[in-house]
Amino acid sequence: MRPSTEAEFLNNLETYLDDLKKAGRLGAIEPRVCHHFFPLDGAPANAYLPGLPKKLAKIDPEGLIEVIGDPVGLEVWDLLEPAMSWLAPRISAFHKAAVEHQAVYAGWSYEPRRG
């Protein structure tokens with residue numbers, strides 16, 4: 001997996017938010033944004049543990065952090081509606097934290113709970 005740059009994520013952010021709005025997917029009763037992290041290619045599968053989760057908890061104290069397997073990865077869930085105002089700075093901080101801990105910030109997805 002080729003890691004995307006921070007600039008690529010930020011450039012695509014507005015487009016993705018516009019696409020969600022046009023599709024009528026925003027405004028969920030239980031909004032959830034999931035941020036995805038994976039080990040850097042060539043790094044041991046758990047090289048970023050426990051450093052990255054600790055760093056992410058400082059950046060996003062309200063986020064729900066979950067170590068996942070198959071493939072090994074890490075998710076941070078924000079129980080918020082996606083918005084440029086908080087996502088842009090969060091993406092920047094998460095991307096930098098991943099680089100510091102031999103991981104890749106692989107992006108985010110909007111996964112609201114359906115009632």
Side-chain angles (χ1 to χ4, degrees):
M1 169 181 186
R2 181 189 75 78
S4 295
T5 66
E6 179 183 347
E8 288 171 321
F9 282 120
L10 295 175
N11 287 339
N12 293 329
L13 177 58
E14 190 169 3
T15 301
Y16 186 39
L17 288 172
D18 286 344
D19 290 346
L20 289 170
K21 185 176 182 178
K22 288 175 189 170
R25 292 200 51 220
L26 298 178
I29 293 171
E30 295 184 51
R32 301 183 321 156
V33 171
C34 184
H35 300 272
H36 312 278
F37 299 84
F38 296 101
L40 190 61
D41 283 348
N46 63 351
Y48 58 86
L49 298 173
L52 182 58
K54 288 180 181 178
K55 178 76 172 190
L56 297 175
K58 288 179 183 176
I59 295 168
D60 186 5
E62 300 296 317
L64 307 172
I65 299 172
E66 180 177 21
V67 177
I68 58 171
D70 197 23
V72 172
L74 183 73
E75 294 179 339
V76 178
W77 292 87
D78 285 303
L79 305 181
L80 300 168
E81 191 75 12
M84 181 72 78
S85 60
W86 70 268
L87 267 171
R90 186 88 31 97
I91 288 169
S92 295
F94 281 176
H95 189 273
K96 289 177 181 131
V99 170
E100 291 173 12
H101 293 279
Q102 297 186 55
V104 174
Y105 175 68
W108 65 278
S109 55
Y110 181 53
E111 303 177 25
R113 286 197 189 265
R114 305 273 182 229

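Computed from a prediction, not measured in an experiment: that's the story for all the values here.
Between P82 and L17, the shortest heavy-atom distance links the atoms CB-CD2, 3.6 Å. Across all their heavy atoms, A97 and H101 have their closest contact at O-CD2, 3.1 Å. Between A28 and P112 the shortest heavy-atom distance is CB-CB, 3.4 Å. Here the shortest heavy-atom pairing between T5 and H95 reads C-NE2, 3.8 Å. Scanning both residues, E81 and Y110, for their nearest heavy atoms gives OE1-OH, 3.1 Å.
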Quiz item: Could you walk me through whether E62 and D78 pass the side-chain contact (heavy atoms from CB on, under 4.5 Å) check?
Solution: CA-CA 7 Å; E62 300 296 317; D78 285 303; 5.6 Å; no
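In this structure, NZ in K22 is found 8.5 Å from OG1 in T15, a value given to the nearest 0.5 Å. In this structure, CZ on F37 lies 11.0 Å from CD1 on I68, to the nearest 0.5 angstrom. Rounding to the nearest 0.5 Å gives a distance of 12.0 Å between NZ of K96 and CD1 of I91.
When the shell of 6.0 Å around CD of E100 is examined, it contains more than 12 heavy atoms from other residues, nucleotides or ligands.
L26 and M84 end up in the same hydrophobic cluster when Ile, Leu, Val, Met, Phe, Trp and Tyr side chains are linked at under 4.5 Å. Under the 4.5 Å side-chain heavy-atom criterion for ILVMFWY residues, no single connected hydrophobic cluster contains both V99 and V104. Cluster membership for L20 and L10, using ILVMFWY side-chain heavy atoms within less than 4.5 angstrom, is shared.
Proximity of I65 to L74: side-chain heavy atoms (C-beta onward) are separated by under 4.5 Å at one or more points. No side-chain heavy atom of V76 sits less than 4.5 Å from a side-chain heavy atom of I59. Side-chain contact between L87 and E14 is absent, with no heavy atoms from C-beta onward closer than 4.5 Å.
Residues that satisfy the side-chain hydrogen bond (donor to acceptor under 3.5 Å, both in side chains) test with D60, not counting sequence neighbours, are R90. Under the ring pair (Phe, Tyr, Trp, His ring centres under 6.0 Å) criterion, Y48 pairs with no residue at all, not counting sequence neighbours. Checked against side-chain hydrogen bond (donor to acceptor under 3.5 Å, both in side chains), S109 has the following partners two or more places apart in sequence or in another chain: H36, E111.
Checking Y16, W86, F94 one by one against W108, the ring-ring contact (aromatic ring centres under 6.0 Å, His included) holds for a single residue, Y16.
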